[in-house]
Student: 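First, the structure itself, so that you have it in front of you.
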Amino acid sequence: MPINRGTYTFVNRQSGTAMEMGTDHSLMGMPPKENETQKWDISPLGAGHSIRNQKSGKYLSVKSLLKDAPIVASDYPVAWFIREVRVHEENAAFYEIRWPMTDIMLELADSGSSTPKTKILITDSHLTPDKHRARFWRANRVRQPSFYQPSPSANNTGNSTFSLAGLTEKWRLILAPKPTPATQT
């Protein structure tokens, strides 16, 4: 099943570390945390998907397609092929993040080391099944806050405030009086 549009964190199957955009815009594995540097917006782009970091607003790209080339941050989106891989012994779905129409994919360096700040690179070499785990990523959907956010001062008086995408408006609901039997025709 292809990945859907949305915001995700990606956790490496081998290490349990999360894909994170560093302050120098490098891509690395770090312990999972609720941080925008580990949140990725996935959007359809051509036959693939763009991958944009929420904190930096930069897209994942590559400088070259050579083995062990680093992933770079770019202002321009590129399409990645994100393929679901079912792992039956774990009864789980993971994803490979590939450069389109190639065997080149993201891999956590050092055979999937759990050491913080381990680089995430691209590789095209064939791995033994025990080391292939460093190429699998669990995609965890991040729940986004609702656009409608009632004001904490809202009460039952008919006056209320709401925010929509950061814009705040005050409004008052005026209800017409209920008809009484004497006013009905």
Side-chain angles (χ1 to χ4, degrees), residues 1-63 69-123 127 131-149 165-166:
M1 168 176 244
I3 196 163
N4 294 317
R5 175 192 300 264
T7 302
Y8 295 84
T9 60
F10 290 96
V11 176
N12 187 266
R13 179 181 179 212
Q14 177 66 27
S15 67
T17 57
M19 184 185 299
E20 182 169 318
M21 177 75 68
T23 55
D24 61 351
H25 294 143
S26 64
L27 196 60
M28 66 186 90
M30 292 292 286
K33 57 188 174 217
E34 288 295 319
N35 192 327
E36 287 187 339
T37 57
Q38 293 184 359
K39 293 179 183 174
W40 303 92
D41 294 327
I42 305 300
S43 298
L45 182 64
H49 291 85
S50 66
I51 304 174
R52 187 178 74 78
N53 183 260
Q54 278 209 329
K55 174 79 173 170
S56 68
K58 304 275 185 186
Y59 294 90
L60 292 190
S61 190
V62 294
K63 264 191 179 172
I71 305 298
V72 296
S74 172
D75 291 322
Y76 304 100
V78 297
W80 293 89
F81 177 57
I82 304 174
R83 181 175 80 100
E84 182 180 57
V85 178
R86 301 289 307 169
V87 178
H88 297 290
E89 60 269 16
E90 295 178 33
N91 193 25
F94 294 90
Y95 289 90
E96 290 177 331
I97 302 172
R98 295 175 169 258
W99 192 255
M101 301 184 301
T102 71
D103 287 333
I104 295 170
M105 66 184 81
L106 298 188
E107 178 181 315
L108 186 63
D110 302 326
S111 299
S113 172
S114 61
T115 303
K117 297 189 177 182
T118 298
K119 297 289 184 194
I120 298 172
L121 310 168
I122 61 168
T123 187
L127 294 177
K131 293 188 178 180
H132 197 74
R133 297 170 57 96
R135 296 180 175 179
F136 288 171
W137 302 89
R138 182 183 309 277
N140 301 312
R141 186 106 191 223
V142 176
R143 184 181 160 110
Q144 295 296 339
S146 170
F147 281 105
Y148 172 74
Q149 299 173 353

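Just so it is clear, the structure is predicted and the values come from calculations on it, not from any experiment.
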Student: Return the set of residues passing side chain to side chain donor-acceptor pair (under 3.5 Å) with Arg138 (not counting sequence neighbours), or none when no residue passes.
Tutor: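 In terms of side chain to side chain donor-acceptor pair (under 3.5 Å), with neighbours along the sequence ignored, Arg138 is linked to no residue.
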Student: Do any N or O atoms from the side chain of Glu84 and from the backbone of Phe94 form a donor-acceptor pair under 3.5 angstrom?
Tutor: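 Not at all, since once roles are kept as given, no pair shorter than 3.5 Å links the two residues.
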Student: Could I get the full list of side chain to side chain donor-acceptor pair (under 3.5 Å) partners for Asn35, not counting sequence neighbours?
Tutor: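 Partners of Asn35 by the side chain to side chain donor-acceptor pair (under 3.5 Å) criterion, ordered by chain and then number, come out as Thr37.
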Student: Working to the nearest 0.5 Å, report the span between OG of Ser111 and CD of Gln14.
Tutor: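 Atom-to-atom, Ser111:OG and Gln14:CD are 7.5 Å apart.
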Student: For Asn91, check side chain to side chain donor-acceptor pair (under 3.5 Å) against everything at least two apart and list the hits.
Tutor: none
Student: Closest heavy-atom contact between Ala18 and Pro32?
Tutor: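 Of all heavy-atom pairs spanning Ala18 and Pro32, the closest is CB-CA, 4.0 Å.
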Student: Under 3.5 Å, is there a donor-acceptor pair linking the side chains of Thr7 and Asp41?
Tutor: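 Short answer, yes.
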Student: Identify the two heavy atoms, one from Ala93 and one from Arg86, that lie closest to each other, and give their separation to 0.1 Å.
Tutor: CB-NH1, 3.1 Å
Student: Start with the C-alpha gap between Thr17 and Thr118, add the side-chain angles, then the distance that decides, and say whether side-chain contact (heavy atoms from CB on, under 4.5 Å) holds.
Tutor: CA-CA 9 Å; Thr17 57; Thr118 298; over 6 Å; no
Student: Would you mind checking if Glu20 and Lys117 are paired as a salt bridge, meaning a charged N to carboxylate O distance below 4.0 Å?
Tutor: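 Salt bridge flag = no for Glu20 with Lys117.
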Student: What distance separates Thr102 OG1 from Ile122 CD1, expressed to the nearest 0.5 Å?
Tutor: 8.0 Å
Student: Between Phe10 and Asn140, is any pair of side-chain heavy atoms under 4.5 Å apart?
Tutor: no
Student: Under 4.5 Å between any side-chain heavy atoms of Asn12 and Trp137, yes or no?
Tutor: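 A side-chain contact exists here, since the closest heavy-atom pair is under 4.5 Å.
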Student: A side-chain contact here means heavy atoms from C-beta on lying under 4.5 Å apart; do Trp40 and Asn53 qualify?
Tutor: yes
Student: Whether the His132 and Glu96 side chains hold a donor-acceptor pair (N or O, under 3.5 Å, no angle test) is what I'd like checked.
Tutor: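 Yes, Glu96 and His132 have a side-chain donor paired with an acceptor closer than 3.5 Å.
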Student: What's the shortest heavy-atom distance between Arg52 and Gly57, and which atoms?
Tutor: NH1-CA, 3.2 Å
Student: Going by heavy atoms in the side chains, are Leu60 and Val78 under 4.5 Å from each other?
Tutor: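 They are not in contact (no side-chain heavy atoms under 4.5 Å apart), so the answer is no.
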Student: Which distance, rounded to the nearest 0.5 Å, do you find between the CG of Leu27 and the OG of Ser61?
Tutor: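 With rounding to 0.5 Å, CG (Leu27) is 11.5 Å from OG (Ser61).
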Student: Can you check side-chain contact (heavy atoms from CB on, under 4.5 Å) on Arg135 and Arg13, steps first, answer last?
Tutor: CA-CA 8 Å; Arg135 296 180 175 179; Arg13 179 181 179 212; over 6 Å; no
Student: Are any non-hydrogen side-chain atoms of Met19 and Ile120 less than 4.5 angstrom apart?
Tutor: yes
Student: In a check of salt bridge (charged side-chain N to carboxylate O under 4.0 Å, His left out) between Arg133 and each of Glu107, Glu90, Glu89, which one passes?
Tutor: Glu90
Student: Given side chains that start at C-beta, do those of Ile97 and Ile51 come closer than 4.5 Å, heavy atoms only?
Tutor: yes
Student: Take His49 and Arg5 through the side-chain contact (heavy atoms from CB on, under 4.5 Å) test and state the conclusion after the steps.
Tutor: CA-CA 8 Å; His49 291 85; Arg5 175 192 300 264; over 6 Å; no
Student: Residues in salt bridge (charged side-chain N to carboxylate O under 4.0 Å, His left out) with Lys58, at least two apart?
Tutor: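 Partners of Lys58 by the salt bridge (charged side-chain N to carboxylate O under 4.0 Å, His left out) criterion, ordered by chain and then number, come out as Asp75.
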Student: Walk me through whether Lys119 and Ile71 qualify under side-chain contact (heavy atoms from CB on, under 4.5 Å).
Tutor: CA-CA 9 Å; Lys119 297 289 184 194; Ile71 305 298; over 6 Å; no
Student: Tell me, do Met21 and Lys55 make a side-chain contact under 4.5 Å, heavy atoms counted?
Tutor: no
Student: Calculate, to the nearest 0.5 Å, the distance between atoms CE and CZ belonging to Met101 and Arg98 respectively.
Tutor: 13.0 Å
Student: Going from CD on Glu36 to CD on Gln54, what distance comes out if it is rounded to the nearest 0.5 angstrom?
Tutor: 5.5 Å
Student: Are Ser113 and Ser15 packed together at the side-chain level, in the sense that at least one heavy-atom pair is separated by less than 4.5 angstrom?
Tutor: no
Student: For Trp80, give me all partners under ring-ring contact (aromatic ring centres under 6.0 Å, His included), at least two apart in sequence or on another chain.
Tutor: Trp99
Student: Please identify each residue that fulfils side chain to side chain donor-acceptor pair (under 3.5 Å) with Arg141, with sequence neighbours left out.
Tutor: none
Student: If every non-hydrogen atom of Gln38 is compared with every non-hydrogen atom of Pro31, which pair is closest and at what distance?
Tutor: NE2-O, 3.0 Å
